[in-house]
2 protein chains.
Amino acid sequence: MAYRKTAAEVRRLEAARERLVECATQVVAEVGWAQASVTAVADAAGIAAGSVYQHFPSKAALAVEVFRRAASREVDVLAEVLRSTDGSPVQRLARGVQVFARRALENRGLAHALLAAPAEPSVGAERLDFRRRYHALFAEVVREGIDAGLLPRQDGQVTAAALTGAVGEVLVDPLGAGRTPAPDPEDLLAELTALALRCAGARPESPP
Amino acid sequence: MAYRKTAAEVRRLEAARERLVECATQVVAEVGWAQASVTAVADAAGIAAGSVYQHFPSKAALAVEVFRRAASREVDVLAEVLRSTDGSPVQRLARGVQVFARRALENRGLAHALLAAPAEPSVGAERLDFRRRYHALFAEVVREGIDAGLLPRQDGQVTAAALTGAVGEVLVDPLGAGRTPAPDPEDLLAELTALALRCAGARPESPP
DNA sequence: GTCTATAGAAGGATAGAC
DNA sequence: GTCTATCCTTCTATAGAC
């Protein structure tokens, strides 16, 4: 007689998997990909190391899932801000950059893991996709800004890529080695916003 | 009696290693890290796969060496342009961005491998260092621009990181999947230069 | 003759095809 | 699920330099 999972069992299994992904994400944010061993992750989730393989075929698959979840959250948040109906495209761009940066500064470990930390190739491939999604979002708002006459004519795709790269790169270094003295997060945020607007060609005195 | 290598032997050995690194670089540029197997690299160098291990303890060590060599070449070229005594800091910045981009567009495979292609963690770590060296170079010229009154007051470190990230990110996508239609390299170069100058806050009408 | 670099094949593991 | 193919690495025998 074939074994059939009951609904309760399925739910428990999914909950365990969910919990595993969440704990793994936290471990990665704290110690980085390199130090996030299967044992460390399993310990954090309160399960045996071997049990990880009940939910994922390999450590790499778990890492990819961790990356995808975290990246999607960031993309979703940015999308909501950039596509908001509140404010001009330029204002939304500024808010988008701020949100991008603020979230990174509030969870530096995770941001570093998403943006730059050395990781296995499978995660690296996800990272390329992650950045492309950022491009697409920025490209939308840049295009709106051009159409509204708030930004000069330009290749929106190029500007969008540049914004992604610029903001990402700025956030990586203070997250990594760090400067001395450590820059004040609020200063950094202001600097970064101004820089992004310059980058897109927004008039400096652009009003409310 | 202890065996001592003759000068000729040492030279031959170094030449073989050199040739191996060069061939490996070419293979990586052509097919990427993922496809650059030990056998493929050895074949390109005209040696047996096992012989690779006479020169490097592991494939990863060879990959790191390949990355370092190629990255150092790029950094050196950029340094020469940015530190040239010819032209204002802003002009040198523009030329630097152009050289950065032009070299990437002329050897897209290698540029993609250096900037973005998924690679093993050991290469990823080198990549972080590579980008930091770019920051440092851009930071110099931005600072000079500020001191000369050609650029507005700003955090040079932040701008330098942003320039690195922006140019790098813009170059990655056309190098990888590519857009349709493929953008004209000269247009891209002009767009990128303008963008970098905006990013640093250079006056648009800045003359010769 | 002695010592080493190289070639070539074997080992052990893993991923992909069927 | 099995089987093949390929990958990185190690091992051994050979050829070549001193």
Subject >> Atom pair distance, as rounded to whole Å: CZ in Arg12(B) and C1' in dC3(C) >> reply: 14 Å

**OP:** Using heavy atoms and a sub-4.0 Å distance, could you list which residues of residues 33-55 of chain B are near DNA chain C? By number, please.
**Re:** Gly46(B), Ile47(B), Ala48(B), Gly50(B), Ser51(B), Gln54(B), His55(B)

Original post:
CD of Gln26(A): more than 12 outside heavy atoms within 6.0 angstrom?
Top reply: no

Original post:
How many Å lie between CD on Glu120(A) and P on dA15(C), as a whole number?
Top reply: 11 Å

Original post:
Under 3.5 Å, side chain of Thr193(B) to main-chain N/O of Leu189(B), donor-acceptor pair present?
Top reply: yes

**OP:** Nearest whole angstrom, please: distance from the P of dA5(C) to the CD of Glu14(B).
**Re:** 13 Å

Show me, pair by pair, the donor-acceptor contacts under 3.5 angstrom made by side chains of residues 41-60 of chain B, not counting sequence neighbours?
residue, atom, partner, partner atom, Å
Ser58(B), OG, Ala60(B), N, 3.4
Ser58(B), OG, Ala61(B), N, 3.1
Lys59(B), NZ, Ala36(B), O, 3.4

Original post:
Do the side chains of Arg133(B) and Ser72(B) get nearer than 4.5 Å, heavy atoms only?
Top reply: yes

**OP:** Would you kindly give the CG-to-C1' distance between Leu20(B) and dA5(C), to the nearest whole Å?
**Re:** 14 Å

Original post:
Would a 4.5 Å heavy-atom cut-off, applied to side chains only, mark Arg198(B) and Leu195(B) as touching?
Top reply: yes

Subject >> Separation of atom CG in Leu13(B) from atom P in dA17(D), rounded to whole Å >> reply: 14 Å

Subject >> Heavy-atom donor-acceptor pair, Glu169(B) side chain to Ala166(A) backbone, under 3.5 Å >> reply: no

